[in-house]
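Each ligand, and each atom within it, is numbered from 1 in the order the structure gives. Index from 1, following the sequence.
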Amino acid sequence: MASVEMRNIVKKYGDGYPAVNDVSLDIADGEFMILVGPSGCGKSTLLRMVVGLEDITSGDMIIGGKRVNDLAPRERNLAMVFQNYALYPHLTVFENIAFPLRLQKVPDDEVRRRVNEAAEVLELKEHLERKPANLSGGQRQRVAMGRAIVRDAEVFLFDEPLSNLDAKLRGQMRTEIARLQRRLGITTIYVTHDQTEAMTLGDRVCVLRKGVVQQVASPRELYEQP
Ligand code: ADP
Ligand code: ADP
């Protein structure tokens with residue numbers, strides 16, 4: 001687990017108005033932070049700067065007390081969970097979860113141990129030999145999270161993970177994510193424009209507008225506002 005501290009983060013694309021304009025935000029160890037705001041307010045840009053997929057124009061990005069501005073994505077201990085889950089259709093659940101460990105050439109017996117541990121937490125043990133096509137949407141989401149857990153990621157990042165799903169599945173997934181995050185307690189940054197997700201999932205909600213933090217508050221505080 002790790003805290004995420006953003007100090008006066010600015011991102012300019014070319015000469016235009018900054019996409020992210022002096023954002024400072026502290027996310028505590030184990031906290032679930034929601035980023036909301038209208039399209040174009042800078043949510044994805046901010047997330048990509050946390051992951052290291054986008055250069056920071058100025059400011060400091062500090063993860064687990066360490067400045068990471070100049071670290072490549074693979075040098076940061078983060079896991080991004082994508083909208084479409086990005087599972088490999090031809091691989092079993094086991095191999096999908098094991099994938100990052102295979103890339104790191106982790107020995108077979110350790111891969112087995114760590115994948116089984118992740119599958120235990122995620123209640124996927126009976127499904128390890130199945131292919132993604134034979135899983136429910138909820139199970140697929142858990143496989144995607146398994147791949148994140150297996151490499152001991154310190155921070156989870158979600159970019160609108162549910163926006164392609166129908167309303168029923170979206171409701172189920174919301175419950176799944178809430179349950180898992182409570183259980184794992186991993187620091188999470190979650191981008192959404194869905195009001196319900198923002199109000200039910202987050203410990204706190206950060207409202208962005210035109211690249212600026214407008215407000216950071218608990219869902220309850222936001223709800224009780226006039
Ligand atoms: P979202 O609002 O869901 O983040 P966008 O449509 O804004 O999606 O962006 C989709 C992709 O296009 C992103 O990778 C983003 O970096 C890129 N993009 C967005 N706006 C511009 C732009 N003005 N010039 C170049 N690329 C852009
Ligand atoms: P959001 O995720 O909140 O929709 P983005 O971070 O995608 O917002 O975009 C913030 C602003 O930066 C927008 O004005 C968008 O057009 C611009 N932008 C995003 N990506 C790029 C890019 N690769 N090149 C130029 N402008 C971009």
Side-chain angles (χ1 to χ4, degrees), residues 3-27 31-63 67-76 78-86 141 144-145 148 153 155-167 169-170 173-174 177-178 181 186-219 221-223 225:
S3 58
V4 177
E5 300 169 52
M6 304 178 195
R7 295 263 173 272
N8 307 104
I9 298 284
V10 175
K11 175 68 187 184
K12 283 187 183 170
Y13 294 105
D15 300 333
Y17 192 81
V20 170
N21 196 356
D22 198 20
V23 164
S24 293
L25 184 63
D26 279 352
I27 304 168
E31 184 170 30
F32 198 126
M33 178 67 80
I34 303 269
L35 300 182
V36 295
S39 184
C41 72
K43 304 182 294 292
S44 303
T45 298
L46 205 52
L47 211 59
R48 290 204 300 270
M49 288 191 287
V50 177
V51 186
L53 295 173
E54 200 79 72
D55 285 339
I56 296 170
T57 304
S58 66
D60 296 311
M61 186 68 73
I62 299 162
I63 300 175
R67 187 175 183 274
V68 299
N69 288 46
D70 303 320
L71 295 186
R74 68 188 149 70
E75 298 172 302
R76 304 180 186 198
L78 314 172
M80 183 115 175
V81 179
F82 293 96
Q83 207 168 83
N84 55 7
Y85 312 143
Q141 169 109 31
M145 294 190 71
V155 182
F156 278 162
L157 302 150
F158 293 87
D159 195 355
E160 308 214 14
L162 310 185
S163 60
N164 285 340
L165 306 178
D166 65 48
L169 194 52
R170 207 156 55 225
M173 292 294 88
R174 239 191 355 255
I177 290 174
Q181 210 276 342
I186 295 178
T187 311
T188 302
I189 308 178
Y190 188 106
V191 167
T192 184
H193 56 242
D194 183 295
Q195 203 74 4
T196 312
E197 286 171 33
M199 295 312 249
T200 57
L201 287 174
D203 293 319
R204 286 191 299 159
V205 180
C206 172
V207 184
L208 286 170
R209 187 169 294 267
K210 294 180 178 160
V212 172
V213 174
Q214 209 170 40
Q215 189 174 21
V216 183
S218 70
E221 285 163 345
L222 282 182
Y223 184 75
Q225 241 169 219

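For F158, the ring-ring contact (aromatic ring centres under 6.0 Å, His included) test picks out Y190, with sequence neighbours left out.
Closest approach of A198 to P219, counting heavy atoms only: O-CG, 4.0 Å.
The R48 neighbourhood of ligand 2 comprises atoms 20 (N), with distances under 4.0 Å to a heavy atom of that residue. Residue-ligand proximity, S39 to ligand 2, at heavy-atom distances under 4.0 Å covers atoms 4 (O).
By the 3.5 Å distance cut-off applied to N or O atoms, A19 is not counted among the residues near ligand 2.
The salt bridge (charged side-chain N to carboxylate O under 4.0 Å, His left out) analysis of residues 199-211, with sequence neighbours excluded, yields the pairs E31-R204.
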TODO: Output, in order, the C-alpha distance, side-chain angles, deciding distance and verdict of salt bridge (charged side-chain N to carboxylate O under 4.0 Å, His left out) for K12 and D55.
DONE: CA-CA 10 Å; K12 283 187 183 170; D55 285 339; over 6 Å; no

